[in-house]
Structures are given as C-alpha cells and as structure tokens.
Amino acid sequence: MGKCSGRCTLVAFCCLQLVAALERQVFDFLGYQWAPILANFLHIMAVILGIFGTVQYRSRYLILYAAWLVLWVGWNAFIICFYLEVGQLSQDRDFIMTFNTSLHRSWWMENGPGCLVTPVLNSRLALEDHHVISVTGCLLDYPYIEALSSALQIFLALTSSVALTPTDTRRPRRRRIYNCSLCTRRGSFCPAPIQLPRACWLD
C-alpha cells in the first residue's frame, strides 16, 4: 500500500470542503440567505482553484487559496457571533444575511429537527405579504445549527491550511532509462543517450 503524500491529503480535505460547501449552499438557497450564498459561491471557486493548484503544481493558485482560507475563517466566525447574538448583534434588528431585502431567516428555523410550526392568525405583528408563525418543540434551535455548521467550516479550513503547509509544488523529475539491447542492432555496446532515438527513452 502506498503512503498518502501531503498533496493527496490536501486534495482529500479540499474535497470535504467542497461537499460541505455545496450542502450549505443548498440550505442557504432554501432560506433566501443571500450573503451566505455569495460567500459559499466564492468559497467553492477557491476550493476548486486549490485542488487544481495542488494537482497541477501551481503555487500561485495555492497562495490565493491560502489567502481565501483566512477570509473564510473570519466570515464563519462572524456567522457564529451573529446567530449567537454576541455583543451588539441581533437577529431581530439586523438582517445582514439577506442584505436587508427581506425578513427571511434560516431554513432551519422552521425545518429543524422536531420543530412544530403553528401559524399565528390575525397577528398585528404581521407585515404586508408576511405571516407570523410560532415554532416550538425543536430539539436544537436553528442558531445552534447554523453555529455548528460554521464551526465545521472553520475546522475544515484549519485542517486544510495545516495540510497546505508541507505541500511541495515542484514537479517531480522523471528518470530516463533506456534499454541498450532494444535500441542497438547488436546489443554489444550502449551508445550515448544523445545518440539514441526518442523511442528508446522509457519514463
């Protein structure tokens, strides 16, 4: 069994990041969370760039990928603080995730595990084209689900950055070996490599 190199490990973590980002993108689309949708799209592009740079030995692409990981960790740390309402952040006042274009919340608010949604009829709090609902019985509230999702993204980004550190971007040199018995008529002597036809070189 061959030993997995640093490049192999980095590609594996990038694939995990890609799967996690696509899964998150689906639920953000369902919840009309436009800011996370844009961030997820940029992250997916950066991860694909990182995989391409790793496979093709492109150091510039890996530098861009490493720089994006710093921004990605910061963004997910902000999401954790936002949903847990750290400091002055408030979900009832700040609609950053939707660019202040709508009152939509996370998709997990109504579809979390064990959640029971009850419409509130004739509520004075209902705005035009909106309705008020009551959500009860959730096994895990949606702010904690969003925080756990962001924590997973931070974990994958940090592990990818650790795997990125020992990655060698230099292309390995090929050893050229030729068979004199195949390249000469008699096989009694071996000519200089520069005199051999190209077909005699074996990678």
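- Going from atom CD1 of Ile145 over to atom CE of Met109 covers 12.0 Å, rounded to the nearest 0.5 Å.
- Scanning both residues, Ser160 and Cys14, for their nearest heavy atoms gives OG-N, 4.5 Å.
- Taking both residues in full, the closest heavy atoms of Leu84 and Pro143 are given as CD2-O, 4.4 Å, listed atom of the first, atom of the second, then distance.
- Linking ILVMFWY residues whenever their side-chain heavy atoms come closer than 4.5 Å, directly or via other members, leaves Val55 and Phe52 in distinct clusters.
- Side-chain atoms of Ile79 and Met97, non-hydrogen and from C-beta on, do get closer than 4.5 Å to each other.
- No single ILVMFWY cluster, assembled from side-chain heavy atoms under 4.5 Å apart, contains both Leu152 and Leu148.
- No side-chain heavy atom of Phe27 sits under 4.5 Å from any side-chain heavy atom of Asn111.
- A chain of hydrophobic side-chain contacts below 4.5 Å, direct or via other Ile, Leu, Val, Met, Phe, Trp or Tyr residues, connects Ile44 to Phe41.
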When the side chains of residues 62-73 are checked against the rest of the protein, which donor-acceptor pairs come out under 3.5 Å, sequence neighbours left out?
{"residue": "Tyr65", "atom": "OH", "partner": "Gln17", "partner atom": "OE1", "Å": "2.5"}
{"residue": "Trp68", "atom": "NE1", "partner": "His43", "partner atom": "ND1", "Å": "2.9"}
{"residue": "Trp72", "atom": "NE1", "partner": "Gln153", "partner atom": "OE1", "Å": "3.4"}

Identify all side-chain donor-acceptor contacts of residues 30-37 below 3.5 Å with residues at least two apart in sequence or on another chain.
{"residue": "Gln33", "atom": "NE2", "partner": "Gly31", "partner atom": "O", "Å": "2.8"}
{"residue": "Gln33", "atom": "NE2", "partner": "Arg105", "partner atom": "O", "Å": "3.0"}

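- Nearest heavy-atom pair across Leu164 and Leu10 is CD1-CD2, 3.5 Å.
- Residue-environment remark: CZ (Phe155) stays at or below the threshold of 12 foreign heavy atoms within 6.0 Å.
- In this structure, Thr9 and Ala163 approach most closely via the heavy-atom pair CG2-CB, 4.1 Å.
- Listed for the Gln91 side chain is no donor-acceptor partner under 3.5 Å among the backbone atoms of Glu85.
- Side-chain N or O atoms of Thr159 include one that pairs as donor or acceptor with a backbone N or O of Leu156 at under 3.5 Å.
- The backbone N or O of Glu146 sits nowhere less than 3.5 Å from a side-chain atom of Ser149 that would complete a donor-acceptor pair.
- Taken to the nearest 0.5 Å, the CG atom of Leu18 stands 8.5 Å off from the CE atom of Met45.
- Atom CH2 of Trp75 and atom CG of Asn40 lie 9.0 Å apart (nearest 0.5 Å).
- The hydrophobic cluster containing Tyr61 does not contain Ile48, counting ILVMFWY residues as joined when their side-chain heavy atoms lie under 4.5 angstrom apart, directly or transitively.
- Looking at Phe78 and Ile96, their side chains come closer than 4.5 Å, going by heavy atoms from C-beta outward.
- Taking both residues in full, the closest heavy atoms of Ile80 and Ala151 are given as CD1-N, 3.9 Å, listed atom of the first, atom of the second, then distance.
- Residues Phe82 and Ser90 share a closest heavy-atom pair of CE1-O, 4.2 Å.
- In the hydrophobic clustering of this structure, Val47 does not group with Phe13; members are Ile, Leu, Val, Met, Phe, Trp, Tyr whose side-chain heavy atoms approach within less than 4.5 Å, directly or through other members.
- Rounded to the nearest 0.5 Å, atoms CZ (Phe99) and CG (Leu38) are 5.5 Å apart.
- You'll find the side chain of Trp107 stays beyond 4.5 Å of the side chain of Phe29, heavy atoms only.
- Rounded to the nearest 0.5 angstrom, Glu23 CD and Asp28 CG are separated by 9.0 Å.
- Pairs engaging residues 30-116 under the disulfide (SG to SG under 2.5 Å) rule: Cys115-Cys138 [sequence neighbours left out].
- Heavy-atom contacts from other residues, nucleotides or ligands closer than 6.0 Å to OH of Tyr144 number 12 or fewer.
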